[in-house]
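Comments concern the structure below.
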Amino acid sequence: MPKSFYVTTPIFYVNDAPHIGHAYTEVAADVITRWHRQRGDSSFLLTGTDEHGEKVLRTALGNNTDPKAWTDRLVKDSWLPLLETIDVDNQDFIRTTEERHKVAVQKFLKQLLDAGHIYQGSFEGNYCVGCEEYKNESDLIDGSGEFEGQRVCAIHSKPVEQLNENNYFFKLSHFQDRLLEHYEKNPTFVQPESARNEVVSFVRSGLSDLSISRSKERFDWGIDIPWDTSHITYVWFDALLNYITAIGYGTDEEKLHSLWPADVQVVGKDILRFHAVIWPAMLMAAGMEPPKQVFGHGWLLVGGEKMSKSKLTGIAPNEITDVFGSDAFRYYFMKAIGFGSDGSFSWEDLSARYTAELANGFGNLASRTVAMVARYFDSDIPQANEYQPADKQVQEVAAQAVSGAEAAMDRVAIHEAIASTWKLVDELNNYITTQEPWVLAKEESTRERLGTVLYTSIEGLRVLAVLLAPVMPKACEKLWAAIGSALGELSNQSISEAGVWGQLTAGTKISELEALFPRVEEK
RNA sequence: GGCGGGGUAGCUCAGGUGGUUAGAGCGCACGGCUCAUAAUCGUGAGGUCGCGGGUUCGAGCCCCGCCCCCGCUACCA
């Protein structure tokens, strides 16, 4: 079984409703996965939900329900619908509460225990009784009044207690050197470069062992430690394992090897450390390969600030898709933001790009081309005759658009891939204006030339439909249905071959095309 | 404080190893065209490249100092 290109998203913590930040991650991973599939490889996208942990438990109880019912409802009402909203084509969806996950996590834990990577120790932390949880040093502030001189919980302003808990620890510290060596030997393991720097400097500063269990005395919403059922597994340890429990770890070695190691694990930069430090160390401990790449994308900024619910800048994805559609959502976030950088979102920018680039650029190009073939050739794809320099230039730009996009995607530079493709959109609009097919149509003597010009234009559209399919699947399917269905399914058109000129056959009927990106009236 | 990223046209951003008049898209102004979603094409205006020094024949790119913004500095997920 040949290895598939395996892409993952983080599994989303189900405490909240999805916002465009979650959707952004999903779309990026989906575009990467679809791209590799369109290129002719087999590819696999995994996403899912992270459902254990104290916060989920507490939220559920706060809503007068139990955690299972609570997460069931959120998954069904919020998270699965999100994938529909933004048109994500995932091959699997894992929930950490599923039996297949629990069983595999326990197997993994046992494997690490047997290999000597887990030991029992005591965890000492600053426990806030008010919050009912351990606090980081950074969550504490200097006390005042009766607590002058003490460190207190920032929320409750009361001193925290030093509590000891007997926990199981993962010997993370033992992997410090191997991790550094791995970063050294695999410069693109963590991307972008800035993320890599942070990770390397973090590991260089020294790693402590990781407490990977929690006593049930505190809460019990999690996966039992297999050899000690008075403890459950620390949520992150459980969550990270989804990337292999979903694909057969412990149950289906063949499937596991057909996918692992993952090719790209897309994560937000806030959870980079878990994925670029703890996760590979866990895998090393189990004798498995780390993923080939962990890519940390940036924040979406609204009004110059990181989006947040409390500041009312959290935007639900369907607020955007209801107006502009899923393709525009996908296009906008992939094109307007350098993948890996932070990016500012604004309705004005979205609207402007939709109008200028999608409606007036790509959409109108498709309209004018299809309309002229219909009008001047009764919807038969015309014969191309002798190619002139202008026609050859279109062919060249098309080939460059393909190779440029492929090179960019190999670096996971999604925005550059789209920019490379867009050169063909601009070239074609320019070409049509310059060649003036409407003038050629007036004289019978220039009819052959007219055919060549329109053939060239529609072939260009064919290339665009293939190249843009991973980003805008719906619009490209529509376009393909109008101009390319005689060549077979759009999904079978390989990106690598897309730049080969002359695939559409003269005489083939094309069909009507509704506006791909209808104008959105000003609100 | 330490480490990392960034401060370039009104806006969003490009600008390998320093080299002719600093670029793109959008927006704006003017002109052309009419196939098309009042779409398209062309031309133009617009910048002391955060501030101050320095190296160099020559610096947005190198060095020093300073100012501002952002991220990381671990076990809430």
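Note on naming: letters A, B, ... go to the chains in the order of the sequence lines (proteins, then strands), and numbering restarts at 1 for each one. Because only heavy atoms are used, hydrogens play no part in the values below, and waters and symmetry mates are left out as well, while side chains stay in. These numbers were taken from a predicted model, which means no experiment stands behind them.
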More 5' along RNA chain B: A/Val235 or A/Ala352, using each one's nearest nucleotide? A/Ala352
A/Asp426 CG to B/A36 P, straight-line distance once rounded to whole Å: 21 Å
Quickly work out the A/Arg204 CZ to B/A74 P distance and round it to whole Å. 18 Å
A/Lys509/A/Asp378 salt bridge by N-O under 4.0 Å criterion: yes
Write down the distance between NZ (A/Lys423) and P (B/G25), rounded to a whole number of angstrom. 11 Å
Using a heavy-atom cut-off of under 4.0 Å over every strand shown, decide if A/Gly206 touches base, sugar-phosphate, or nothing. base
Roughly how far apart, to the nearest Å, are B/C61 and B/G6 at atom P? 14 Å
Are A/Phe295 and A/Phe339 an aromatic pair by the rule of ring centers under 6.0 Å? yes
Would you tabulate the pairs of protein nitrogen or oxygen atoms and nucleotide nitrogen or oxygen atoms of nucleotides 29-35 of chain B closer than 3.5 angstrom?
from: B/C35; atom 1: O3'; to: A/Arg375; atom 2: NH1; distance (Å): 3.2
from: B/C35; atom 1: O2; to: A/Arg368; atom 2: NE; distance (Å): 3.2
from: B/C35; atom 1: N3; to: A/Arg368; atom 2: NE; distance (Å): 3.4
from: B/C35; atom 1: N3; to: A/Arg368; atom 2: NH2; distance (Å): 2.7
from: B/C35; atom 1: N4; to: A/Arg368; atom 2: NH2; distance (Å): 3.2

Classify A/Gly53 by what it touches in the nucleic acid, base, sugar-phosphate, or nothing, heavy-atom distance under 4.0 Å. nothing
Side chain of A/Glu198 only, heavy atoms from C-beta on: which candidate in B/C41, B/A77, B/C72 is closest? B/C72
Ranking B/G71, B/U12, B/U37 by distance to the side chain of A/Ser344, first place goes to B/U12
Measure from CD1 on A/Ile418 to P on B/U12 and round the result to the nearest Å. 20 Å
Can you find a side-chain donor-acceptor pair between A/Glu51 and A/Thr96 that sits under 3.5 Å? no
Evaluate A/Arg411 against A/Glu416 for salt bridge (Lys or Arg N to Asp or Glu O under 4.0 Å), listing each step before the verdict. CA-CA 10 Å; A/Arg411 302 193 320 273; A/Glu416 288 181 29; 2.4 Å; yes
Pick the P atom in B/C69 and in B/A74, then give their distance to the nearest Å. 22 Å
In whole angstroms, the gap separating C1' of B/G42 from CG of A/Asn429 amounts to 14 Å
Look at A/Glu477 together with A/Lys474 and state whether they make a salt bridge at an N to O cut-off of under 4.0 Å. no
Protein-nucleotide distance (A/Asp50, atom CG; B/A77, atom C1'), rounded to Å: 7 Å
Go through the N and O atoms of the side chain of A/Asn364 and the base of B/A39, and report whether any donor-acceptor pair is under 3.5 Å. no
Between A/Gly343 and A/Phe362, which has a closest nucleotide on RNA chain B that is more 5'? A/Gly343
Please determine if A/Asp228 and A/Lys216 form a salt bridge, counting it only when a charged side-chain N lies under 4.0 Å from a carboxylate O. no
When the P atoms of B/G18 and B/C57 are considered, how many whole Å apart are they? 15 Å
Heavy atoms under 4.0 Å, any strand shown: does A/Ile278 hit a base, just sugar-phosphate, or nothing? nothing
Would you indicate what A/Tyr234 reaches in the nucleic acid, counting non-hydrogen atoms under 4.0 angstrom: base, sugar-phosphate, or nothing? sugar-phosphate
Without swapping roles, check the side chain of A/Thr434 against the backbone of A/Asn430 for a donor-acceptor pair under 3.5 Å. yes
Hey, is the side chain of A/Tyr431 poking within less than 4.0 Å of OP1 or OP2 on B/U40, counting only N and O atoms? no
The dot-bracket string of RNA chain B, counting Watson-Crick and G-U wobble pairs with both distances under 3.5 Å, using [ ] for crossing pairs and | for pairs to another strand, is (((((((..((((.....[...)))).(((((.......))))).....(((((..]....))))))))))))....
Taking the C1' atom of each, how far is B/A14 from B/G7, in whole Å? 15 Å
Atom P, compared across B/G10 and B/C28: separation rounded to whole Å: 16 Å
Classify the side-chain pair A/Asp209/A/Tyr119 by whether it contains a donor and acceptor separated by less than 3.5 Å. yes
Taking O4'-C1'-N9-C4 for purines and O4'-C1'-N1-C2 for pyrimidines, is B/G52 syn (within 90° of 0) or anti? anti
Touch check for A/Leu207, heavy atoms < 4.0 angstrom, all strands: base, sugar-phosphate only, or nothing? base
Quote, to the nearest angstrom, the P distance that separates B/C64 from B/C70. 25 Å
Any salt bridge linking A/Lys423 with A/Glu427? Criterion: basic side-chain nitrogen under 4.0 Å from a carboxylate oxygen. no
To the nearest 0.5 Å, what is the distance between NE2 on A/His231 and CD on A/Glu217? 8.0 Å
Short side-chain donor-acceptor distance under 3.5 Å, A/Asp349 and A/Tyr332: yes
Calculate the interatomic distance between A/Tyr354 atom OH and B/U37 atom P; express it in whole Å. 14 Å
Verify the contact: side-chain N or O of A/Arg353 to OP1 or OP2 of B/G25, cut-off strictly under 4.0 Å; return yes or no. no
State, without any angle test, whether A/Asn360 and A/Arg519 hold a side-chain donor-acceptor pair at a distance under 3.5 Å. yes
On the ring face of A/Tyr376, is A/Arg447 found with NZ or CZ under 6.0 Å from the centre and within 45° of the axis? no
Establish, with yes or no, whether the OP1 or OP2 oxygen of B/U40 is under 4.0 angstrom from a side-chain nitrogen or oxygen of A/Asn430. no
Could you tell me how far B/C63 sits from B/G25 if I compare only their P atoms? Round to whole Å. 32 Å
Going 5' to 3' along nucleotides 5-11 of chain B, which nucleotides have protein heavy atoms under 4.0 Å from the base (write B), which only from the sugar-phosphate (write S), and which from neither (write -)? -------
Using a 4.0 Å heavy-atom cut-off across all strands, classify A/Ser346 as base, sugar-phosphate, or nothing. nothing
Is the A/Phe170 ring parallel, tilted or perpendicular to the A/His117 ring (thresholds 30°, 60°)? perpendicular
It should be established whether A/Arg273 places a side-chain nitrogen or oxygen under 4.0 Å from OP1 or OP2 of nucleotide B/U73. yes
What is the distance from CG of A/Leu272 to C1' of B/U73, rounded to the nearest Å? 14 Å
When the P atoms of B/U20 and B/G60 are considered, how many whole Å apart are they? 10 Å
Can A/Arg214 and A/Glu54 be counted as an ion pair, charged N to O under 4.0 angstrom? no
